[in-house]
Amino acid sequence: MGIETYIDYLKNYDGPDVTFMEVCGSHTAAIAKSGITKVISPKIHLVSGPGCPVCVSPSGYVDRLIALARQPETTVCTFGDLLRIPGTSESLNEAKGSGASVEMVYSPMDVIALAKEHPDQTYVFGAVGFETTVPVYTVLMEQVESEGITNIQVLTALKVMPPVIRWLCDNGARIDGFIAPGHVSVISGSKHFEALSREYGIPFAVTGFSPKELVVGIYGLLRMWEQRQKLLAEGESLTKNFYPSVVTHDGNVIAQAKVEKYFEPGPAVWRGMGEIADSGLYLRKEYAALDAGSRGLDEDHKINKACRCDQVLMGKITSEECPLFGKVCSPLTPQGACMVSSEGSCYQRFLNR
Ligand code: SF4
């Protein structure tokens, strides 16, 4: 079938209303940029879930990074987006303005050069991300170990997808299917979502990021949803890979082994959702010396009580339904995490109004 046929099907769909959620910040940005919501049937609702790693990092994590950056001979390094995320009373950028030692870097590996150049300074990397990014941190760990570097640590807020998807399904998110994250699936394989689709009878479509790949993935998801009873009765999987150019069923087993070597699962706090069992990754005991104190974060605190990031992240409301959207909350004056990162759903909705 040509792409026009898929588009026609999505455009002319006239069945019951369906809601599909993407749980990948890059999908949030790609869907907004593609304009796809303007060509598909109004009965197909696309909502953004907790797929932006910066947006779901809780204020307690930012607070802890700031406390470290205020310690003598300690510098906190992290990505630009994280510098703007609100903590309980200030962001890392604001803390930097009042004397905290904070550096923006483009890669975790940049910390190696800094640590070698300033051996008397301890560098703490603020490590956020999902399954996609975790292997990069294992490369950092390997280099730190092999070179015997002693002045680098990480404060992790690393997270994995299946537990939060399970949490959404168990906590009233009315989702008919998931646009499964393409980048996460490169590492974890499409098998990552099979147990969830079986358990909840909900389809998952592993999808790419170009407009054409999005159309194919959403079409595939809709068709699985329409045929789900038959597929389930026939013992067919409701997880399908529509991104075969880079995603396999088993994923990157070498990267998975490295992650397994350094990290183990544990409870993690998600901004707006609270603590979710086994949804975080922490350095194993053998590597405790590299950890700047990542476990046991506090619950999350909103900086603006009217911010509804929690409901946006759960797909319960759209960004536009937040009373602050576009009024007091904009990318220049973000009141919540979803408006800070370029992968945040409020940020993308604001840019593509
Ligand atoms: Fe929070 Fe701003 Fe989004 Fe409202 S528009 S939910 S205040 S980030």
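One-based numbering, in listed order, for ligands and for the atoms of each. On a predicted model such as this, the values are computed, not experimentally measured, just so you know.
At a cut-off of 2.8 Å, Cys322 coordinates atom 4 (Fe) of ligand 1 through an N, O or S atom.
Short contacts between ligand 1 and Leu324, defined as distances under 4.0 Å to a heavy atom of the residue, involve ligand atoms 7 (S). Proximity to Gly336 (heavy-atom distance under 4.0 Å) selects the following atoms of ligand 1: 1 (Fe), 8 (S). Ligand-side atoms of ligand 1 in range of Met339: 8 (S), range being under 4.0 angstrom from any heavy atom.
The closest side-chain heavy-atom distance from Lys159 to Leu281 is not below 4.5 Å.
When atom types are taken as modelled, the side chain of Asn252 and the backbone of Val186 share no donor-acceptor pair closer than 3.5 angstrom.
Salt-bridge check for Arg353 with Glu320: failed, with every basic side-chain N at 4.0 Å or more from each acidic carboxylate O. Under the 4.0 Å criterion applied to side-chain N and carboxylate O atoms, Glu226 and Arg223 are assigned as salt-bridge partners.
The nearest protein atom to atom 2 (Fe) of ligand 1, hydrogens excluded, is given as Cys329 SG, 2.3 Å; this is a heavy-atom distance. Nearest protein heavy-atom neighbour of atom 3 (Fe) of ligand 1: Cys346 SG, 2.4 Å. For atom 1 (Fe) of ligand 1, the closest non-hydrogen atom on the protein side is Cys307 SG, 2.4 Å.
Ring planes of Phe325 and Phe350: perpendicular class, angle over 60° (limits at 30 and 60°). Ring planes of Trp270 and Phe130: parallel class, angle under 30° (limits at 30 and 60°).
Under 4.0 Å from ligand 1, heavy atoms of Cys309 appear from its side chain as well as its backbone.
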